[in-house]
A.B. asks: 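Before anything else, here's the structure in question.
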Number of protein chains: 2
Amino acid sequence: MLATEFKEAITAADRVLVQIRTAIVEGDIPAGTKISEPELARRYDLSRAPLREALARLERCHLIERTPNAGARVVKLSIEGLRSLYQLREELEGLACRLAAEHMTEQEIAEVRALLDQHLSTQRVREGESYYQEAGDVDFHYRVILGSKNPYLINILSDELYFLVRMYRVQLGMNGPRVSRAFDEHKAIINAIANRDGELADLLMRRHIAASKRNIEQQLLQQGTSHG
Amino acid sequence: MLATEFKEAITAADRVLVQIRTAIVEGDIPAGTKISEPELARRYDLSRAPLREALARLERCHLIERTPNAGARVVKLSIEGLRSLYQLREELEGLACRLAAEHMTEQEIAEVRALLDQHLSTQRVREGESYYQEAGDVDFHYRVILGSKNPYLINILSDELYFLVRMYRVQLGMNGPRVSRAFDEHKAIINAIANRDGELADLLMRRHIAASKRNIEQQLLQQGTSHG
DNA sequence: AAGCATCAGATTGTCGACAATAACTGGAAG
DNA sequence: CTTCCAGTTATTGTCGACAATCTGATGCTT
């Protein structure tokens, strides 16, 4: 899905990684499920060697938790986990904004603006389908992150943290007025970057992420209280 | 070395990971070296399966770079790499300080202070031996990072970024007046945390890290100019 | 002579089987 | 009836071998 995955050669471990990762993020493999290596190997029709390679990378992006000799479980979504994750996200994407304001080329900025216009039109067409919003949002953030030009920051955000972020968002959903507001916030952020105002872009991005967090937090609280 | 490694069971992959990682950090396997799986398997007397598991984790902490079907190389130390890495470090350890000022218990703070006193005494005894300073510094930063109580932040800093940080520091060295100053800076940081002044602790930590960066940067520049 | 295609060698990716460890069931003792 | 212990089963960790791919050298063509 992300550009960093298309290095040169695609291996079986890469393919099954994408499949399982998508299944976890979308909830097809529910949170908290015990991972059985033989079962998954049969299911995806390959040996355990590439499967274990894939599991190692899933652990890397915090989608599963392994304990030696005991196996792996799909991570559980929790309010503390969400807070810790978004605390980091605010800080790192804020930094990404400051660096993007410094390093993004005019062409890259123009491309992001074109992307936003495109999102706006598709949003009009497919109103209510939150999945497209989700994809669009991820794409916007991804562009800004790349714009930071810091390889370690890019790696941490887009390869390690973002799949878990998407898991929270996909499984707990974006609702109501939040969807339309996000576009305006994206616009404001890219404007600040275009003006080379890193401080402002940082601030706006932090608020944008904080708002998103509150939204998911409420869903989690409602879900939690209704169950217990 | 770090507490996060002693989970429950120690496997062969864990052991060889620690061995190879130490060899890379200390420079026994020089930067830029091509990694040969069969050779390392013979050298450490095990099969390629656990070795590959170890290599996957080394890639995770940026000590090696793999390209599919082509093999792995030990990472090269560069001035751009150092800057990108320390840019992140400043931000993340600054955050860690703010969180530590909020979450560390009085007892944890007292332990860090005891640790610093101990470092001071051992420094007097073993003056000049920069390795002990190195270990002590890592230990101090590690305590503060743990004090943040944010599991994702802890994981990124101590499991992913810190071995590369250590590689820069061990191979390019800490020299002269920097060593003794570091202790004072550590003292000031833990004092700010003890006063629950997260802002100040953040600022002091950023300066501390920036100073460390400049030190290594100079070494790299001298080394670079003397060669070409 | 330079550039490209082809082939040999080595390396990585994948497979199935074995060994070591952990989880589960059943039974016995308190 | 509960708790602890042992045997059984299933799972993970490791191994050696095979297949697919890349690297480098050789020879041919232009």
Side-chain angles (χ1 to χ4, degrees), chain A residues 4-24 29-76 159, chain B residues 4-24 29-76 159:
Chain A
T4 48
E5 285 165 17
F6 301 113
K7 293 179 182 176
E8 281 142 34
I10 299 293
T11 174
D14 291 326
R15 276 190 297 273
V16 74
L17 166 68
V18 174
Q19 290 186 63
I20 300 179
R21 193 174 57 197
T22 307
I24 292 177
I29 302 177
T33 308
K34 172 88 161 58
I35 297 279
S36 165
E37 290 185 6
E39 185 196 325
L40 282 184
R42 279 194 305 274
R43 185 166 163 188
Y44 293 103
D45 193 42
L46 40 64
S47 154
R48 277 177 54 218
L51 179 71
R52 284 172 65 86
E53 171 90 23
L55 292 182
R57 296 196 214 165
L58 286 175
E59 183 184 25
R60 175 175 167 171
C61 49
H62 308 279
L63 291 182
I64 68 173
E65 289 168 349
R66 303 175 93 180
T67 54
N69 288 317
R73 303 192 84 87
V74 176
V75 72
K76 285 180 188 165
D159 291 343
Chain B
T4 49
E5 284 165 18
F6 301 114
K7 292 178 182 179
E8 279 143 34
I10 298 293
T11 175
D14 291 326
R15 276 190 296 272
V16 74
L17 166 68
V18 173
Q19 290 186 62
I20 300 180
R21 194 174 56 196
T22 308
I24 292 177
I29 303 178
T33 308
K34 171 90 162 59
I35 297 278
S36 165
E37 291 184 6
E39 184 195 326
L40 282 185
R42 280 194 304 275
R43 186 165 161 189
Y44 292 104
D45 194 41
L46 39 64
S47 153
R48 278 177 55 217
L51 180 69
R52 284 171 66 85
E53 171 89 24
L55 292 183
R57 296 195 214 165
L58 287 175
E59 183 184 26
R60 174 175 169 171
C61 49
H62 308 280
L63 291 182
I64 68 173
E65 289 168 349
R66 303 175 93 178
T67 54
N69 288 317
R73 304 192 82 87
V74 176
V75 73
K76 285 180 189 165
D159 290 344

A.B. asks: Please identify each residue that fulfils salt bridge (Lys or Arg N to Asp or Glu O under 4.0 Å) with B:Arg48, with sequence neighbours left out.
C.D. replies: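 Salt bridge (Lys or Arg N to Asp or Glu O under 4.0 Å) list for B:Arg48, sorted by chain: B:Glu37.
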A.B. asks: For residues 36-69 of chain A, which residue pairs pass the ring pair (Phe, Tyr, Trp, His ring centres under 6.0 Å) check, not counting sequence neighbours?
C.D. replies: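 Ring pair (Phe, Tyr, Trp, His ring centres under 6.0 Å) check on residues 36-69 of chain A returns A:His62-B:Tyr152.
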A.B. asks: Mind checking salt bridge (Lys or Arg N to Asp or Glu O under 4.0 Å) for B:Arg60 and listing every partner two or more places apart, or none if nothing turns up?
C.D. replies: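 Salt bridge (Lys or Arg N to Asp or Glu O under 4.0 Å) check on B:Arg60 returns B:Glu160.
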A.B. asks: Starting at atom CZ of B:Arg73, determine the distance to atom P of D:dT23, rounded to an integer number of angstrom.
C.D. replies: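 Going from CZ in B:Arg73 over to P in D:dT23 covers 11 Å.
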A.B. asks: Provide a list of protein-nucleic acid N or O atom pairs under 3.5 angstrom, restricted to nucleotides 8-15 of chain C.
C.D. replies:
residue	atom	partner	partner atom	Å
C:dT12	OP1	B:Ile35	O	3.2
C:dT12	OP2	B:Glu37	N	3.4
C:dT12	O3'	B:Asn69	N	3.4
C:dG13	OP1	B:Asn69	N	3.2
C:dG13	OP2	B:Arg52	NH1	2.5
C:dG13	OP2	B:Arg52	NH2	3.0
C:dG13	O3'	A:Thr11	OG1	2.8
C:dG13	N7	B:Arg48	NH2	2.9
C:dG13	O6	B:Arg48	NH1	3.1
C:dT14	OP1	A:Thr11	OG1	2.4
C:dT14	OP1	A:Ala12	N	2.5
C:dT14	OP2	A:Thr11	OG1	3.1
C:dC15	OP2	A:Ser47	N	2.7

A.B. asks: Partners of B:Pro30 by side-chain contact (heavy atoms from CB on, under 4.5 Å), sequence neighbours excluded?
C.D. replies: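 Per chain and number, B:Pro30 pairs via side-chain contact (heavy atoms from CB on, under 4.5 Å) with B:Thr33.
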A.B. asks: Holding to salt bridge (Lys or Arg N to Asp or Glu O under 4.0 Å), I want the full list of residues that pass it with A:Glu65, two or more places apart in sequence or in another chain.
C.D. replies: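 With sequence neighbours excluded, A:Glu65 shows a salt bridge (Lys or Arg N to Asp or Glu O under 4.0 Å) to no residue whatsoever.
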